[in-house]
Amino acid sequence: MMRFFYFCILSSLFVSLFACQSSTASKSAKSGPKNGHQRMVAILDSIFRNENPAKCYNLNSRSAAQYKDILSKARTQQEQIIGNFKVAEQLLYAGQTEEAIDVLKRIIGDNFAAMSEENKLLFDLYALAYLRLGEQQNCIQNHTSESCIIPIAEAGQHKLVDGSTRAIEIYTKILEKFPKDSQSKWLLNIANMTLGKYPSGVPTAFRIPESVFKPVNGPKFKDIAIDLGVSHRNVSGGVCMEDFDNDGDLDIFMTSYLLNSQCQFYKNNGDGTFTNRTKEANLTGIVSGLNTVHADYDNDGDRDILILRGGWLDAGLHPNSLLRNNGDGTFLDVTIESGMLSFHPTQTGTWADFNGDGFLDLFIANESSKVKGLHPCELYQNNKNGTFTNVAAQVGLDRTGFFKAVAAGDINNDQLPDLYLSDFSAENQLWVNQTTDPDHMVFQNMTEKAGVGKPVNSFPAFMFDFNNDGWLDLFVGGYDPKLLDNAAGVVLDEYLGKKTPGDFVRLYQNKGDGTFADVTQKMGVNKIMFGMGNNFGDIDNDGWLDFYIGTGTPDLRSLVPNRMFHNKNGTVFEEITMNGFGNIQKGHGIAFGDVDQDGDQDIYMVMGGAYEGDLANNLLFQNPGNENKWVTLVLEGKTANRDAIGARIILTVKTLDGKTRKIYNSVGNGGSFGSSSLRAEIGLGNASSIESLEIKWPKPAAASQVFNNIPLNAVLKITEGNAEATPLDWKPIPMGGGGHGGMHHDHHQ
């Protein structure tokens, strides 16, 4: 399944020449130190040292070395050309760009007259290498808050100009030969933009209209990650934004995809700075992971963390990690002790109390294919003693598919979470929870009746109530493998209003009767987004949920903007990407949360690509604020799970014109690729007062609680069974200039 990630079709010629290396991961699980945490560190280290680059496409330095060895044995001129191409390709993927350029110079020189349909890949790679050199020297190594965000402002333009200058020359020659090459046209315009030469420096025939990059009316978000010391640099990964140390402010935990990428834990100091506390948190050696999601699985009041591993990789027999929060600033990997140790490729899982017993269970959707073999999904029932039992087979959820996302939510308002599985290679699946006995979970496949199987090639998914009618709706992103080597061209054609190939994302509106209506076109999201990361929140506190999509493909040419969509009163989504959100590096884990505690949601985003050298700096977009009202709720379950994941919140507010409106919200991590704070941060629009607040606790037959006299612009703790809400005295934290977190910069892999 991974071969489409190589834009050179010659890759398969060499796979058979690599010596097969069997993973020793499962053996390491049975030997070595007795402590489970140490055993996991040993397993992960063994995987990194022994994995086969032919089955693990992000080991590009090793792959380049192997291709060099093959090249040394090449006999014919054709073998030498192909071998040099593969060496250059892997060097570029490994981040060794100047060496890759030297190899390509030996192949091509200045012989552009020889360019043809058959060898165009060589020239595409040549141009890309110079473009990537400019990115590395400027956007990455000399990163600023405006770097790579289109339209590129002066502060984000390149100071070292050789890379983009040479890329412009080559892309111009490519377009003179292939004028319909939309991807090269996009990259030519971006290269000019990095030098401040767009639009005038772009030949008229290849110039993209300025209207494509025009912001809409409204505030502009600014990246303040550098100021706060959280502009960590690595490849793709996941993020959890949560108060892990219970001091009242939101910390940041993140993972990265490389097999030796150390996870990172940044403590919020509450004064406008963050400090990297990875070592102090006992996390050294906990490496790799494409996604991560947090929850308090043992109901002790401290949020724990799950790391998901092996997704996309043909090898991929990598264990996940369950990190128990010890409540003293440290974590312990308890995967083995908890009964969760398994070896499957995955990147997606979700916490929910599926049997309604007051403890969170865990569903993990794995990846099966002809190459990978069969890897059934796992449903870990919480045994309420720190251990779990996989009951997927007993309840019929041991499904096999190339699953890229799983979303949990109560689609029929029966206080039980249902499941939606996004399949990269087949129709998606909706499983409705019909459990009546906590000891015997029951799920029924309702996909056909609900009408939510499309698109076939899909990726991220989430449930949210976009139209405030009290029923959870469904978003699922498309990811067509046939388009992944031309993502920039497809996005450009879409922006220009041209008909594009492939299938759109889907937005399904819950009709409240077990069926959904496809409102993709009606709501203005009938687009091909190449979404990987995703999450949602209310960025302007108007009481309508917006969403942000992290975009891209592993191909280094897919420099397409991450895309933000603003919900206009539940009637349409307006794209506001160019209002500061359009970073063209690849976007992955996304978390919404009020980091500076001023009443509006900020956004943290893990950046970077799939290959070893496709590094990028993470972003923290600070919300510029607005005049709308808000309320933040911290829920604590008693009979329900401690953090009340799955709770439904209904606010009835009176507006300035004397009318009333209802605003619905749910407690949860948000999207399927990024883990937001479990606080309910709710925008109230132009409310003049809160008439009532209703909590539907996530436990079957649990009584709803209604609260009155709820203040505006306040932070409140609500405990299940308590008649009164408790105000929390949280103060805004000065950030984005008020703090000098730069002293804590941590730019390393």
Check: Phe213 ring centre within less than 6.0 Å of Tyr198 ring centre: yes
Under 3.5 Å side-chain donor-acceptor pair for Tyr495 and Glu575: yes
Any donor-acceptor N or O pair under 3.5 Å, side chains Asp423, Ser425: yes
Residues Asn60 and Gln90: side-chain donor-acceptor under 3.5 angstrom: yes
Audit row: Leu91, Tyr67, side chain to side chain contact (heavy atoms under 4.5 Å, CB included) steps and yes/no: CA-CA 10 Å; Leu91 287 170; Tyr67 279 124; over 6 Å; no
Flag, side chain of Asn84 to backbone of Ala88, donor-acceptor distance under 3.5 Å: no
Test: Lys404 cationic atom under 6.0 Å from Phe459 six-membered ring centre, within 45° of axis: yes
Rounded distance (nearest 0.5 Å) linking atom CH2 of Trp312 with atom CE of Met532: 9.5 Å
Exercise: do Asn618 and Tyr604 side chains pair donor with acceptor under 3.5 Å: yes
Which atom of Leu290 lies closest to which atom of Gln347, heavy atoms considered: CD2-OE1, 3.1 Å
side-chain hydrogen bond (donor to acceptor under 3.5 Å, both in side chains) partners for Ser458, two or more places apart: Ser422, Asn428
Under 3.5 Å side-chain donor-acceptor pair for Asp555 and Thr553: no
